[in-house]
Amino acid sequence: MTVLVPVLGDQLSISLASLRDADPATSVVLMMEVAEEATYVRHHKAKIVLILSAMRHFAETLKQGGWQVDYVRLNDPANSGSFTGEVSRAVDRHRPDAIRLVEPGEYRVREAIRGWQSVFGIPVDILDDDRFFCSLSDFFTWASAQNGRLMMENFYRTMRRRTGLLMEPDGKPSGGKWNFDHDNRGGPPDKDPPGPLRFNPDEITSEVIALVEERFAGHFGRVDRFALPVTTSQARDLLADFIKIRLPRFGQHQDAMLEGADYLYHAGISTSLNCGLLLPEEACAAAEAAYCSGDAPLSAVEGFIRQIVGWREYIRGMYWRETPGLGEENFLGATRDLPEFYWTGDTEMACLGDAVRNTRDNAYAHHIQRLMVLGNFAMLAGIAPKQVADWFLVVYADAYEWVEHPNVLAMSQFADGGRLATKPYAASGAYIDRMSNHCKTCRYDVKQKVGPDACPFNSLYWDFLARNQDKLGGNGRLFNTYSTWRKMSEERRAALRAQAAEVLAALGPATEGWARTV
Ligand code: FAD
Ligand code: DLZ
Ligand code: SF4
């Protein structure tokens, strides 16, 4: 009996369910570099390098562990370019009795795999991806018991109880509180702390960089400073360094931005978590241990663990609950094209320019840059959510539809009408000024709302609310905001809307079309 075990590029965990119980003597592990995965959206070059290099390293690890690995390279002349095409060729080569794989992270791929059994005429066994704390069936059970409103905070508390993370023996949360958000609202620090560990490309990565530069030359982003972890051992070093150096102040500066500071106190571990090099339980256990040993305060550790046990797991559950519909939603009816500067960074708005620079150079931006600068501006400007989602999927090395769609479409663009977030994450320049030092050097004046020097976020904020009053006016959490709008004089409101119209007219559409598939 021969079993073909396809392992996809975001399944690079030695404890993967399909490998865990398999017999190396009768299994053939299939790893496939396929063009379709790099081009269904035109991924940032660094993401392609990351996945291909990590796949090649993982294949070596498997071989050393006694596995038979059939590895198909991108430049193999017979490469069909797709998962289904490569599994078909592998079936011809190995004549397996069955195919066994872990469910993929994206709906698009899951749909393709569902057809394999009838196409290949052999059993296809699809296993749960148990590299998450919460299985999808447990998430759906939790969701169906919520009386309609699926609050992340409720899910998070359920997960804390279930995992025992930061829980006391009496069943109470450590420190007597579930949430230390109030301690975690500090503004920007004076200087950038030492960033995440950087890993110089070895021979395998250098070869992949050359391949990607040649084959995907037209894709967005820089790869000449590629330094992401591509093995589990590197990912663990990255995590250990974060726990020691940046975790203690992670909470305090979680929402802050500093010009030129790419990671601030963030961990930079999402690329490793999402392709399987690092497991979420390792990250949480390391953070909890730092609290127990007194090396990091509870507010920081709780904040970090909430991101992983709460947000990451909740987002994944929401993706599978809401997909495929979510990708097409557009509650606010936004239709404008994505402005060119999302690709070029060529804007006088300092906050946006810095976020795009980080994105282009590192295939990274931290949460507040993504949510309150890039996402916020797109929503205020009324950019079509599908274009915003495609952009986010292209530009980040940690982007997969399961994590990107709920974050972008539901959280940052309110395209789902509020099933995930109770109100839109809309903010004027004042928020960015409070949380960053960008406004100090910006050509615009954050205090001004109209006139040639006015911060564009200010008029766009009010215009967004006015434009969408029929859809958002009844939202209780926006009651005070709409009261303020109504109390403004008619002239003031007209001036703000005229200013916003000028800002929008100057945006113009993107011409590069990086996101479009080739
Ligand atoms: P840290 O701030 O150090 O947080 C630690 C970990 O918590 C992260 O590595 C991540 O695994 C997890 N986490 C935190 N917030 C979230 C969240 N909202 N959803 C899921 N996991 C979370 N994350 C992705 O992994 N891929 C994406 O494509 C992605 N797109 C996003 C788009 C938007 C508009 C927004 C607002 C957020 C997005 N996020 C995405 C979530 C978050 O921004 C990134 O996980 C984070 O910036 C990764 O950097 P880090 O490892 O330094 O995170
Ligand atoms: C992102 C990516 C890229 C760029 N290339 C490959 C690849 O060549 N082979 C592969 O197995 N996986 C790749 N991936 C990751 C897949 O896109 C990911 O496994 C699916 O989207 C399922 O989540
Ligand atoms: Fe951004 Fe406005 Fe501040 Fe400039 S003034 S950095 S555009 S918020």
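Heavy-atom basis, side chains included; hydrogens, waters and symmetry copies ignored. Whatever order the structure lists ligands and atoms in, that order sets their numbers, starting from 1. Bear in mind that the values here come from a model prediction, so they are computed numbers and not experimental data.
Here R316 does not pair with E313 in a salt bridge; the nearest charged N to carboxylate O distance is not below 4.0 Å. Note on D354 versus R357: salt bridge recorded, some NZ/NE/NH1/NH2 to OD/OE distance being below 4.0 Å. One finds a salt bridge joining R443 and D453 here, because a Lys/Arg side-chain nitrogen approaches an Asp/Glu carboxylate oxygen to under 4.0 Å. Under the 4.0 Å criterion applied to side-chain N and carboxylate O atoms, R157 and E153 are assigned as salt-bridge partners. In summary, D129 and R131 engage in a salt bridge, as defined by a charged side-chain N under 4.0 Å from a carboxylate O. Salt bridge present: R56 and E207 bring a charged side-chain N and a carboxylate O closer than 4.0 Å. Ion pairing of R419 with E329 is present here, as a side-chain N (NZ or NE/NH1/NH2) and a carboxylate O approach within less than 4.0 Å.
In the vicinity of M32, heavy-atom distances shorter than 4.0 Å reach the ligand 2 atoms 7 (C), 8 (O), 9 (N), 10 (C), 11 (O). Less than 4.0 angstrom separates some heavy atom of L8 from each of these atoms of ligand 2: 11 (O), 19 (O). Close contacts between ligand 2 and G9 involve ligand atoms 10 (C), 11 (O), 12 (N), 19 (O) [criterion: under 4.0 Å to a heavy atom]. Which parts of ligand 2 touch L52 is read off a 4.0 Å heavy-atom cut-off, strictly below it: atoms 8 (O). The ligand atoms of ligand 2 that sit less than 4.0 angstrom from a heavy atom of G105 are 22 (C), 23 (O).
Of all protein atoms, those that are N, O or S and lie under 2.8 Å from atom 1 (Fe) of ligand 3 total 1.
If you take CD on Q252 and CZ on R249, they are separated by 5.0 Å, rounding to the nearest 0.5 Å.
Among L30, V34, V102, the residue whose heavy atom lies nearest to atom 8 (O) of ligand 2 is V34. In this structure, of E106, K47, H44, the residue bringing a heavy atom nearest to atom 21 (O) of ligand 2 is E106.
For K63, the NZ atom counts as densely surrounded, since its 6.0 Å shell holds more than 12 non-hydrogen atoms of other residues, nucleotides or ligands.
For the pair E37 and V109, the minimum side-chain heavy-atom distance is below 4.5 Å. You'll find the side chain of L62 reaches within 4.5 Å of the side chain of L19, heavy atoms only. Looking only at side-chain heavy atoms (C-beta outward), Y156 and W311 stay at 4.5 Å or farther from each other. Side-chain contact between H266 and Q307: absent, with no pair of heavy atoms (C-beta onward) separated by less than 4.5 Å. Contact check for V49 versus T205: side-chain heavy atoms found under the 4.5 Å cut-off. Taking 4.5 Å as the limit, every side-chain heavy atom of L136 sits out of range of all side-chain heavy atoms of D128.
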- Item | Audit row: W343, F220, ring pair (Phe, Tyr, Trp, His ring centres under 6.0 Å) steps and yes/no | CA-CA 8 Å; W343 299 111; F220 175 72; 5.4 Å; yes

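Counting heavy atoms under 4.0 Å from ligand 2, residue F83 touches it through the side chain alone. Neither the backbone nor the side chain of E401 comes within 4.0 Å of ligand 2, counting heavy atoms alone. At a heavy-atom distance under 4.0 Å, only side-chain atoms of I51, from C-beta outward, approach ligand 2. Neither the backbone nor the side chain of M31 comes within contact range of ligand 2; no heavy atom lies under 4.0 Å.
Polar contact check, V7 against ligand 2: no nitrogen or oxygen pair lies under 3.5 Å apart. Considering backbone and side-chain N/O of D10, one or more are found under 3.5 Å from N/O of ligand 2.
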List of N/O pairs, ligand 1 versus protein, all under 3.5 Å?
{"from": "ligand 1", "atom 1": "2 (O)", "to": "H266", "atom 2": "ND1", "distance (Å)": "2.7"}
{"from": "ligand 1", "atom 1": "3 (O)", "to": "A267", "atom 2": "N", "distance (Å)": "2.8"}
{"from": "ligand 1", "atom 1": "9 (O)", "to": "S270", "atom 2": "N", "distance (Å)": "3.4"}
{"from": "ligand 1", "atom 1": "15 (N)", "to": "Q307", "atom 2": "OE1", "distance (Å)": "3.3"}
{"from": "ligand 1", "atom 1": "18 (N)", "to": "N407", "atom 2": "OD1", "distance (Å)": "2.9"}
{"from": "ligand 1", "atom 1": "19 (N)", "to": "N407", "atom 2": "ND2", "distance (Å)": "3.0"}
{"from": "ligand 1", "atom 1": "25 (O)", "to": "N274", "atom 2": "ND2", "distance (Å)": "2.8"}
{"from": "ligand 1", "atom 1": "26 (N)", "to": "D398", "atom 2": "O", "distance (Å)": "2.9"}
{"from": "ligand 1", "atom 1": "26 (N)", "to": "D398", "atom 2": "OD1", "distance (Å)": "3.1"}
{"from": "ligand 1", "atom 1": "30 (N)", "to": "R370", "atom 2": "NH1", "distance (Å)": "3.4"}
{"from": "ligand 1", "atom 1": "43 (O)", "to": "H367", "atom 2": "ND1", "distance (Å)": "3.1"}
{"from": "ligand 1", "atom 1": "49 (O)", "to": "Y364", "atom 2": "OH", "distance (Å)": "3.3"}
{"from": "ligand 1", "atom 1": "51 (O)", "to": "G268", "atom 2": "N", "distance (Å)": "3.3"}
{"from": "ligand 1", "atom 1": "51 (O)", "to": "I269", "atom 2": "N", "distance (Å)": "3.0"}
{"from": "ligand 1", "atom 1": "51 (O)", "to": "S270", "atom 2": "N", "distance (Å)": "3.1"}
{"from": "ligand 1", "atom 1": "52 (O)", "to": "A267", "atom 2": "N", "distance (Å)": "3.3"}
{"from": "ligand 1", "atom 1": "52 (O)", "to": "G268", "atom 2": "N", "distance (Å)": "2.7"}
{"from": "ligand 1", "atom 1": "52 (O)", "to": "Y364", "atom 2": "OH", "distance (Å)": "2.7"}

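The single protein non-hydrogen atom nearest to atom 3 (C) of ligand 2 is E37 CB, 3.7 Å, given as residue, atom name and distance.
In this structure, R246 forms no cation-pi arrangement with Y263, as its terminal cationic atom is not both closer than 6.0 Å to the ring centre and no more than 45° off the ring axis.
Heavy-atom distances between M55 and ligand 2 reach below 4.0 Å in at least one pair.
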